[in-house]
2 protein chains.
Amino acid sequence: MPLSSHADSILGAVRVYPDKTPIYHQGDTAMRIFRVNSGVVMTFRLLEDSRRQITGFCTEGEFFGLSPDGEYKDGAVTVTSAGVQSISIAALESDPVLSAKLLAHSWRKVEDTQSLMMTLTKTSSEARVAAFLVMLAERRGRRDGHEDSAPIQVGLPMSRLDIADYLGLSRETVSRRLTDLQELGLIDLPDIHTACITQFDGLRRRAGLMAAA
Amino acid sequence: MPLSSHADSILGAVRVYPDKTPIYHQGDTAMRIFRVNSGVVMTFRLLEDSRRQITGFCTEGEFFGLSPDGEYKDGAVTVTSAGVQSISIAALESDPVLSAKLLAHSWRKVEDTQSLMMTLTKTSSEARVAAFLVMLAERRGRRDGHEDSAPIQVGLPMSRLDIADYLGLSRETVSRRLTDLQELGLIDLPDIHTACITQFDGLRRRAGLMAAA
DNA sequence: CGTCACGTTGAAGCCTCTCAAAACAGGTGG
DNA sequence: CCACCTGTTTTGAGAGGCTTCAACGTGACG
């Protein structure tokens, strides 16, 4: 097998999934953990009455499929076409380097989830939508370097309903707040799956959520 | 049982804090991680306008103070008098057993946080309060064995505002829903800091949130 | 006994959801 | 290329639930 780096080698080959393809289902026996190599994968929880909470949109470098007790508590589906690597949980135990990496990643995930919870419980629908766009922009900025005060273009490959189920809103409200932000001159929506942030700082102020101390 | 097991020894001596005592503050440099030995510790995040989200009520055996990048993103305060053990992050790296334990704990924490998020975004105020009581009862049941259909008494050492900031509600709403549940005959409130669950299954049904699949 | 923090209860207002319909996009077959 | 169909997005109107503001009750402590 061709190996380029140590981390890659233990994680195995990249498998490419088309968009909207399930990777595993909620309730499946958890055998492997996954890492996004390219594209976007979303994880979500379903309730019996088909209510849904999207727990994360994972992009390059993020792990998913972590399960504490051998059963996936969420499902995972590709949003776009995506490259995914995986490793069996059994093999993981014999790799202290990857284990340490996963531990750090897990803590960050807890932080992120708690931040999201904060957003969902403490802010208005407008602030949530703004925060969502800011999150996407900052995530993109981690890869590409971004200049302040320049328009930032972010992709919205997921549906409005996906965004709604992530933010704990209805799709109608997501739609309304997006047009509101556009009318405020903070963003531009050239097409359904693209948002162009024209005033990043203004958008960020709308998102609220500056930590104290 | 006196502290003699392996996990205890590496974690160091138990330090006892009085109630309402801060253990660390949001923004502090993270040097140690903690484990609750007895009592209740709550972790919370503050925003600049003093909005607050309580991210967890930790009881016996739970870890807190995990930080991905050397800075605590939340604060921690004792709710009741509590015994707490700790270990420096540096020392942790040389202990693969505790590391593995922490990894499992971290995954469970992600699951719990996501469940909580589900509760906060998808359910009514009544369901949230019911879910909170169910959570406390089940947590207690993990220690003591509990018989079905017998009244379960749970302590509510935290204030109504604490509960509200945990559930993303106002303290008035928490108060209202508690009396509602009492009038429905599902619980009894002999005093402010005690709830007696008289119909556990009924309460659980009110809490909603049965996972699909 | 007074004070102060917390808890409960009541009334009004706002935000988001729900229901409903129209505009729009993507895909298929004629 | 167009007509058509299906699913998504947008926009509108009404209803409901939670918050906010306010007052009152209660328990702890000086």
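To find a chain, count down the sequence lines: A is the first, B the second, and so on, and within it residues start at 1. Fair warning: this is a prediction, and the values are worked out from it, not measured in the lab.
A:D180 and A:R177 are joined by a salt bridge, as a carboxylate oxygen and a charged side-chain nitrogen come within less than 4.0 angstrom of each other. Salt bridge absent: A:R139 and A:E60 never bring a charged side-chain N and a carboxylate O closer than 4.0 Å. Using a 4.0 Å cut-off between charged side-chain N and carboxylate O, A:R108 and A:E62 make no salt bridge. Remark: B:D162 engages B:R52 in a salt bridge, criterion side-chain N to carboxylate O under 4.0 Å. With respect to A:D112 and B:K73, no salt bridge is recorded, no charged nitrogen being found less than 4.0 Å from a carboxylate O. Between A:D165 and B:K122, at least one side-chain N (NZ, or NE/NH1/NH2) sits under 4.0 Å from a carboxylate O, which counts as a salt bridge.
The interatomic distance linking A:L169 (CG) with C:dT18 (P) rounds to 11 Å, in whole Å. Remark: C1' of D:dT19 and CG of B:D165 are 14 Å apart, rounded to the nearest angstrom. The distance from atom CZ of A:R177 to atom C1' of C:dC14 is 12 Å, rounded to the nearest whole Å.
Under the 30°/60° scheme for interplanar angles, the aromatic rings of B:F34 and B:Y24 are found to lie parallel.
Between the side chains of B:S115 and A:R45, at least one donor-acceptor pair of N or O atoms lies under 3.5 Å. A side-chain donor from one of B:R35 and B:Q85 sits under 3.5 Å from a side-chain acceptor of the other.
Summary for the helix from C:dT8-D:dA23 to C:dG30-D:dC1: the axes at its two ends, each from 5 pairs, differ by 40° when rounded to the nearest 10 degrees.
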With B for base contact, S for sugar-phosphate-only contact and - for none (protein heavy atoms under 4.0 Å), nucleotides 8-13 of chain D reads -SSBBB
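Proximity of B:I89 to B:I33: side-chain heavy atoms (C-beta onward) are separated by under 4.5 Å at one or more points.
Against DNA chain D, the stretch residues 113-126 of chain B makes heavy-atom approaches under 4.0 Å through B:S124, B:S125.
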